[in-house]
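Read through the structure below, which is laid out as structure tokens, and then see the notes.
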There are 2 protein chains.
Amino acid sequence: MSERELRRNLAILPIGTVRDLTLLTDRQIRYYEQNELINPSRGKGGQRRFSLNDVDRLLEIRDFLDAGDSIKDIQEIFAKQRRKAVEKQDSESALRRSLQKEFAQIGRFDR
Amino acid sequence: MSERELRRNLAILPIGTVRDLTLLTDRQIRYYEQNELINPSRGKGGQRRFSLNDVDRLLEIRDFLDAGDSIKDIQEIFAKQRRKAVEKQDSESALRRSLQKEFAQIGRFDR
DNA sequence: ACAACCATGTCATAAAACCTGACACATATT
DNA sequence: AATATGTGTCAGGTTTTATGACATGGTTGT
């Protein structure tokens with residue numbers, strides 16, 4: 001994962017900030033967590049800490065719900081997204097491997 | 001101010017997160033605020049809300065103090081930084097103005 | 001050496017924010 | 001009509017934050 005991705009996954013925001021940022025109620029946010037659409041970590045005292053990625057995800061959820069999708073629909077949409085991401089990552093590392101072979105080949109010619 | 005700068009100035013972090021991020025105590029953070037080294041805004045109930053820029057600034061403060069500078073020294077350092085920033089901005093907008101004149105000139109030739 | 005100052009620790013007390021669990025309810029689905 | 005969904009709301013308890021005061025070790029100035 002990139003440095004930037006790491007930063008976006010840092011658990012730094014309390015639920016109040018997330019409420020302000022997303023215009024969702026805390027009831028909604030907790031309900032979405034219960035339904036595993038998000039998975040915020042917890043601080044020492046047990047309070048939720050959200051990342052910037054969580055916020056993005058909540059905004060997505062809001063849009064999908066507004067568009068008429070159900071929670072279950074959204075669960076599947078996210079599952080599909082995850083599969084795609086894995087696929088993409090796999091094909092990229094395959095590409096890296098094949099490029100490495102090519103460069104190794106070139107290196108041999110150079111000698 | 002750029003979009004990115006705006007985001008970095010969003011007041012989103014409670015003091016607990018800032019404590020974790022900077023390894024400062026809340027006593028220290030409040031003391032620096034008292035001495036106007038930072039100026040976090042306040043949420044509805046009066047609680048401090050820090051921005052990412054505030055965090056950066058606190059890390060700077062920590063470094064300066066470690067290096068032996070006093071709070072007053074740091075106040076002056078920051079004041080100087082602000083003056084420089086204004087200067088830079090001024091010279092940039094002067095540059096923009098002169099470039100605009102040049103382009104206006106070119107436009108005239110084109111006709 | 002002594003007083004004054006600086007940066008921080010610590011404690012008490014109060015308020016705000018957050019947690020979970022439960023019940024209510026309007027709307028949509030079966 | 002019965003059930004399921006998504007959200008509102010309230011109660012009771014815990015955690016976090018706020019402010020103000022006093023304490024203290026280290027440095028500075030006289």
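Here is the naming used below: chain letters follow the sequence lines, and residue numbers restart at 1 for every chain.
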Inset, instruction - Determine, step by step, whether A:Arg30 and A:Ile15 satisfy the side chain to side chain contact (heavy atoms under 4.5 Å, CB included) criterion, reporting the C-alpha distance in whole Å, the side-chain angles of both residues, the deciding distance to 0.1 Å, and the verdict. - result: CA-CA 9 Å; A:Arg30 296 198 186 105; A:Ile15 199 168; 4.1 Å; yes
Nearest whole Å is fine: how far is [N] [atom2] from [X] [atom1]?
| X | N | atom1 | atom2 | answer |
| --- | --- | --- | --- | --- |
| A:Leu37 | D:dT5 | CG | P | 13 Å |
| A:Gln34 | C:dC19 | CD | C1' | 13 Å |
| A:Leu65 | C:dA28 | CG | C1' | 14 Å |
| B:Asn35 | C:dC6 | CG | P | 9 Å |
| A:Arg62 | D:dT7 | CZ | C1' | 15 Å |
| B:Asp66 | C:dT8 | CG | P | 9 Å |
| A:Leu23 | D:dT7 | CG | C1' | 16 Å |
| A:Asp69 | D:dT5 | CG | P | 15 Å |

Legend entry - Donor-acceptor side-chain pairing of B:Thr17 and A:Arg49 below 3.5 angstrom: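 Present: a donor and an acceptor within the cut-off.
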Inset, instruction - Apply the test side chain to side chain contact (heavy atoms under 4.5 Å, CB included) to residues A:Asn53 and A:Asp56: give CA-CA distance (whole Å), side-chain angles for both, the deciding distance (0.1 Å), then the verdict. - result: CA-CA 5 Å; A:Asn53 275 336; A:Asp56 283 349; 4.1 Å; yes
Determine yes or no for a side-chain-to-main-chain donor-acceptor pair under 3.5 angstrom, with [X] supplying the side chain and [Y] the backbone.
| X | Y | answer |
| --- | --- | --- |
| A:Glu76 | A:Asp73 | no |
| A:Gln75 | A:Asn35 | yes |
| A:Asp54 | A:Ser51 | yes |

Inset, instruction - Working to the nearest 0.5 Å, report the span between CZ of B:Arg4 and CG of B:Asn9. - result: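 So the gap between those two atoms works out to 12.0 Å.
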Inset, instruction - Please determine if a side-chain N or O atom of A:Tyr31 lies less than 4.0 Å away from the OP1 or OP2 oxygen of D:dT7. - result: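 So the side chain of A:Tyr31 is outside the cut-off, no N or O lying under 4.0 Å from OP1 or OP2 of D:dT7.
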Inset, instruction - Establish, with yes or no, whether the OP1 or OP2 oxygen of D:dT7 is under 4.0 angstrom from a side-chain nitrogen or oxygen of A:Tyr32. - result: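 Yes, because at least one side-chain N or O of A:Tyr32 sits under 4.0 Å from OP1 or OP2 of D:dT7.
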Inset, instruction - Please round to 10 degrees the angle between the axis of the first five pairs and the axis of the last five pairs in the helix from C:dA1-D:dT30 to C:dT30-D:dA1. - result: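 The angle separating the two end axes equals 30°.
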Legend entry - Footprint string (nucleotides 9-18 of chain C, 5' to 3'): B base within contact, S backbone only, - free, heavy atoms under 4.0 Å: BB-----SSS
Inset, instruction - By nearest nucleotide on DNA chain C, pick out whichever of A:Glu33 and B:Lys72 is the more 5' one. - result: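 Closest to the 5' end, via its nearest nucleotide, is B:Lys72.
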Inset, instruction - For B:Glu36, look at atom CD and say whether over 12 heavy atoms of other residues, nucleotides or ligands are found less than 6.0 Å away. - result: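 Counting neighbours around CD of B:Glu36, 12 or fewer heavy atoms of other residues, nucleotides or ligands fall under 6.0 Å, so no.
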Inset, instruction - Go through the structure and list residues passing salt bridge (Lys or Arg N to Asp or Glu O under 4.0 Å) with A:Arg42, not counting sequence neighbours. - result: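 Partners of A:Arg42 under the salt bridge (Lys or Arg N to Asp or Glu O under 4.0 Å) test: A:Glu33.
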